[in-house]
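Only a predicted model underlies this, so the values are computations on that prediction, with no experimental measurement involved.
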Amino acid sequence: MTTILSDWRLGVMVSDSSISDGDRVWIGRKVFRWRGDLLGFCGDVDEAQNFIKWWKAGKAGKPPKFTNSECLVLSRSGLIHYSSLGIAEKIPNGIEAIGTGAKAAMCAYEALSYFAPALAVGIVCKHDSCSRKPVRTYKL
């Protein structure tokens, strides 16, 4: 899957670059910008594309259902986590990670005193078989 780590306090979202369809692996983008917001996805590509369409159309109605995906949305007003539970949860401390490397990213980031998110994701890329460099950093 992936590793995406976001810190609202620093205004950054960091991701690895590995994309897979289960059989093949390639390098690609997992974070998208729309009108100042950053949307980071892990999971099913079709579900991500449907979410992006919904977001760009003004978020009318309920968000598309995720069955095998997650999304972090970083904006000036905070960090929101969308999951298969069908809810949008605002992250109180503004720091969250998603994907197969999420727990490792949170541990590494805490060990780095919450000041080097790209380094934390880089560390995960060395240990999570589904996360690969290059590490990309996106700023609000």
Same cluster (ILVMFWY, side-chain, under 4.5 Å), Val12 and Ile91: no

Close side-chain approach of Leu5 and Met106, heavy atoms under 4.5 Å: yes

Side-chain donor/acceptor of Ser69 to backbone N/O of Asp44, under 3.5 Å: yes

Residue of the set Leu74, Leu79, Leu72 for which side chain to side chain contact (heavy atoms under 4.5 Å, CB included) holds with Leu38: Leu74

Modelled atom types, side-chain donor and acceptor of Asp16 and Thr2, under 3.5 Å: yes

hydrophobic_cluster_shared for Trp34 and Val31, side chain cutoff 4.5 Å: no

Side-chain heavy-atom pair Cys125, Val135 within 4.5 angstrom cut-off: yes

Distance (rounded to the nearest 0.5 Å) between Asp37 CG and Arg76 CZ: 9.5 Å

Polar side-chain atom of Lys139 near backbone of Leu10 as donor-acceptor pair, under 3.5 Å: no

Any donor-acceptor N or O pair under 3.5 Å, side chains Ser17, Arg136: yes

Side chain to side chain, Glu89 and Ile80, heavy atoms closer than 4.5 Å: no

4.5 Å side-chain heavy-atom contact, Glu96 and Ser6: no

Any side-chain heavy-atom pair of Phe66 and Phe41 under 4.5 Å: yes

Where Gly36 and Leu140 come nearest, the two heavy atoms and their spacing: O-CD2, 3.3 Å

Under 3.5 Å: donor-acceptor pair, side chain of Tyr109, backbone of Tyr114: yes

4.5 Å side-chain heavy-atom contact, Phe32 and Ile52: yes

Side chains of Tyr138 and Arg29 in contact at under 4.5 Å (non-hydrogen atoms): yes

Ile123 side, atom CD1; Asp128 side, atom CG - distance, nearest 0.5 Å: 13.0 Å

Lys/Arg cation over aromatic Phe115: Arg9, 6.0 Å, 45° cone: yes

Which atom of Gly40 lies closest to which atom of Ile4, heavy atoms considered: C-CD1, 3.6 Å

Inter-residue atom distance Met13.CE - Leu39.CG, 0.5 Å rounding: 7.0 Å

Donor-acceptor contact present, side-chain Lys90 to main-chain Ser77, <3.5 Å: yes

Thr100 and Ser131: CA distance, side-chain angles, deciding distance, side chain to side chain contact (heavy atoms under 4.5 Å, CB included) verdict: CA-CA 8 Å; Thr100 56; Ser131 299; 4.1 Å; yes

Parallel, tilted or perpendicular: ring planes of Phe51 versus Trp55, cut at 30 and 60 degrees: parallel

Side-chain H-bond candidate by donor/acceptor type, Ser84 with Glu70, under 3.5 Å: no

Ser18 and Val25: CA distance, side-chain angles, deciding distance, side chain to side chain contact (heavy atoms under 4.5 Å, CB included) verdict: CA-CA 7 Å; Ser18 179; Val25 177; 3.5 Å; yes

Distance in Å, Ile98 CD1 paired with Ser83 OG, rounded so as to fall on 0.5 Å steps: 10.0 Å

Main-chain N/O of Ser75 paired to Trp8 side chain as donor or acceptor, under 3.5 Å: yes

